[in-house]
Amino acid sequence: MDGAAHGRLISMTAPSPAADRTGGTDERDGRAGDGGHDGHDGPHRLPPPRPAYEAHTWKEIAYLLLNLPVALFGFTYAVTVLVAGGTLTLTVIGLPLLALSLLGARQLGKLERVRARKLLGVRVEEPSPLPLAKGGGPVQRLWMALKDPVGWRTLLYDAIRLPWGVLTFCTVLVSLFVLWPVLPYLARGMANLDRAMVRGLLSPSDELERRIAELESDRGIVVDTAAADLRRIERDLHDGAQARLVNLAMGLGLAKEKLLEDPDAAAAMVDEAHGEVKLALQELRDLARGIHPAVLTDRGLDAALSAVASRCTVPVTVTVDLPARPAAAIEGIAYFTVSELLQNISKHSGARSASVDVWRSQDRLLIQVRDDGRGGARLDGGSGMRGLADRLGAVDGLFVVDSPAGGPTVVTAELPWRDRQE
């Protein structure tokens with residue numbers, strides 16, 4: 001080897017001054033050097049002490065160690081409930097005892113969800129509480145508690161957990177002393193299985209919870225709509241027919257007083273009262289038509305919608321193709337939907353023509369109302385569209401508005417088909 005090559009080899013292998021100062025370590029990342037002693041700069045610094053496992057690993061280990069006592073208690077509770085409840089169902093206290101046990105299982109499930117959330121980081125939504133206060137009488141509340149799926153799933157969770165609790169407890173306990181280098185990996189795998197069980201058995205059914213929320217919302221819409229209709233009827237009676245009838249009574253009273261003194265004036269007042277009677281009757285007919293038109297009850301949607309279309313200020317073509325009449329409630333909603341849409345066409349659309357098509361497709365009743373007006377209709381436009389959408393949504397219906405600026409406007413409504421009970 002020549003001198004130049006020998007010099008390059010020495011320069012490649014000799015420690016740099018920076019390495020001499022740090023002893024082969026970078027103090028920023030805490031990695032130890034060769035453990036030697038540098039006579040110029042003093043002893044090497046050791047890395048800061050760290051726990052053997054991270055915090056989340058210790059939480060998983062704690063959860064797995066707690067599995068045994070928790071599973072033992074849950075298994076005992078589930079077996080006792082099922083055996084005692086099944087045995088005592090032949091007596092008068094059997095079903096109430098089982099219902100109370102299912103309510104208690106709900107509380108055990110709540111505690112398990114809290115434990116999983118604190119130690120495993122599993123975020124499981126709480127199921128909806130049982131509406132026992134609104135369940136009617138004692139029998140209805142008892143039946144509601146007995147068919148509670150959340151309580152039954154919690155009992156199943158408690159019943160199958162004991163073997164798993166024994167396995168996880170023994171595995172973790174032995175690994176703490178024998179297999180501690182691989183314990184974090186074992187703990188993670190077993191904790192993942194626990195996470196799957198918690199999500200599978202202790203989480204509420206997404207579809208069921210969504211449906212419950214929809215039904216609660218729809219029930220509120222139905223109640224609000226019924227209250228608004230009652231207020232409208234009361235207002236119409238008070239401001240319309242009732243006021244005319246009061247004026248009629250007063251006019252007839254004055255005519256009675258003038259009957260002997262001034263027969264001509266009395267006759268004129270009676271004639272005026274006769275006109276008030278006709279107007280009052282017309283208002284009562286209109287009010288009754290707004291509640292439920294007689295033509296709809298007697299002749300069905302085709303005739304009722306044709307009558308509504310004849311009162312529209314725009315020429316309307318009505319086509320009803322139904323093999324039979326739907327249920328009265330569905331028929332009424334369809335009638336009032338078309339009636340409201342035709343009123344909007346008369347007031348806001350500026351259209352020259354419109355059409356109404358009603359037909360059945362499998363188990364749905366479809367309504368489509370078109371006009372060639374200016375368009376721009378929206379659900380939040382203040383023309384009653386939002387109320388129609390809510391009313392149809394309350395019975396599992398759909399309401400779609402397609403109304404670009406400049407028109408045309410196409411409104412499609414969809415209702416569930418229910419056969420009419422004669």
Next on the checklist: Quick one about R364 and Q362 (side-chain donor to acceptor, distance below 3.5 Å, no hydrogens or angles considered), yes or no?
Outcome noted: no
Checklist entry - Looking just at side-chain N and O atoms, do S355 and T317 make a donor-acceptor pair shorter than 3.5 Å? => result no
When rounded to the nearest 0.5 angstrom, what is the spacing between [atom1] in [X] and [atom2] in [Y]?
{"X": "S175", "Y": "L64", "atom1": "OG", "atom2": "CG", "answer": "10.0 Å"}
{"X": "T337", "Y": "I367", "atom1": "OG1", "atom2": "CD1", "answer": "5.5 Å"}
{"X": "W164", "Y": "D194", "atom1": "CH2", "atom2": "CG", "answer": "6.0 Å"}
{"X": "L155", "Y": "L108", "atom1": "CG", "atom2": "CG", "answer": "8.5 Å"}
{"X": "D371", "Y": "T409", "atom1": "CG", "atom2": "OG1", "answer": "4.5 Å"}
{"X": "T76", "Y": "L162", "atom1": "OG1", "atom2": "CG", "answer": "7.5 Å"}

Next on the checklist: Show every salt bridge (Lys or Arg N to Asp or Glu O under 4.0 Å) that has at least one partner inside residues 174-191, sequence neighbours left out.
Outcome noted: E60-R188
Checklist entry - Can you list every pair that meets salt bridge (Lys or Arg N to Asp or Glu O under 4.0 Å) and has a residue in residues 80-109, with sequence neighbours left out? => result R106-D148
On a heavy-atom basis, which atom in [X] and which in [Y] lie closest, and how many Å separate them?
{"X": "P184", "Y": "P181", "value": "CD-O, 3.8 Å"}
{"X": "A99", "Y": "L142", "value": "CB-CD1, 3.5 Å"}
{"X": "C312", "Y": "S346", "value": "SG-OG, 3.0 Å"}
{"X": "L202", "Y": "V124", "value": "O-CG1, 3.8 Å"}
{"X": "V308", "Y": "S339", "value": "CG1-CA, 3.9 Å"}
{"X": "A145", "Y": "L102", "value": "O-CD1, 3.4 Å"}

Checklist entry - Between I345 and L342, is a side-chain contact (heavy atoms from CB on, under 4.5 Å) present by the stated rule, with each step listed? => result CA-CA 5 Å; I345 291 174; L342 292 181; 4.0 Å; yes
Checklist entry - Counting only heavy atoms not in W143, do more than 12 fall under 6.0 Å of its CH2? => result no
Do the non-hydrogen side-chain atoms of [X] and [Y] ever get within less than 4.5 Å of each other?
{"X": "R360", "Y": "P323", "value": "yes"}
{"X": "V356", "Y": "T319", "value": "no"}
{"X": "R115", "Y": "V198", "value": "no"}
{"X": "D302", "Y": "R299", "value": "no"}
{"X": "L111", "Y": "Q107", "value": "no"}

Between [X] (side chain) and [Y] (backbone), is there a donor-acceptor pair under 3.5 Å?
{"X": "W152", "Y": "L146", "answer": "yes"}
{"X": "R199", "Y": "V122", "answer": "no"}
{"X": "T171", "Y": "T168", "answer": "no"}
{"X": "T87", "Y": "A84", "answer": "no"}
{"X": "D372", "Y": "S353", "answer": "yes"}
{"X": "R195", "Y": "L120", "answer": "yes"}
{"X": "Y77", "Y": "S101", "answer": "yes"}

Next on the checklist: Check whether F75 forms a cation-pi arrangement with R161 (NZ or CZ under 6.0 Å from the six-membered ring centre, at most 45° off the ring normal).
Outcome noted: no
Checklist entry - Is it true that E126 and K110 make a salt bridge, defined as a side-chain N closer than 4.0 Å to a carboxylate O? => result no
Checklist outcome for this item: side chain to side chain donor-acceptor pair (under 3.5 Å) filter on T80, not counting sequence neighbours, yields none
Item to check | Stepwise side-chain contact (heavy atoms from CB on, under 4.5 Å) check, E112 with V70 | outcome: CA-CA 9 Å; E112 275 295 280; V70 171; 3.2 Å; yes
Item to check | Derivation and outcome, side-chain contact (heavy atoms from CB on, under 4.5 Å), residues T412 and F399 | outcome: CA-CA 6 Å; T412 304; F399 189 80; over 6 Å; no
Item to check | Among L65, N67, I61, side-chain contact (heavy atoms from CB on, under 4.5 Å) partner for Y63 | outcome: N67
Item to check | Verdict with reasoning, Q368 to V410, per side-chain contact (heavy atoms from CB on, under 4.5 Å) | outcome: CA-CA 7 Å; Q368 196 167 75; V410 180; 3.8 Å; yes
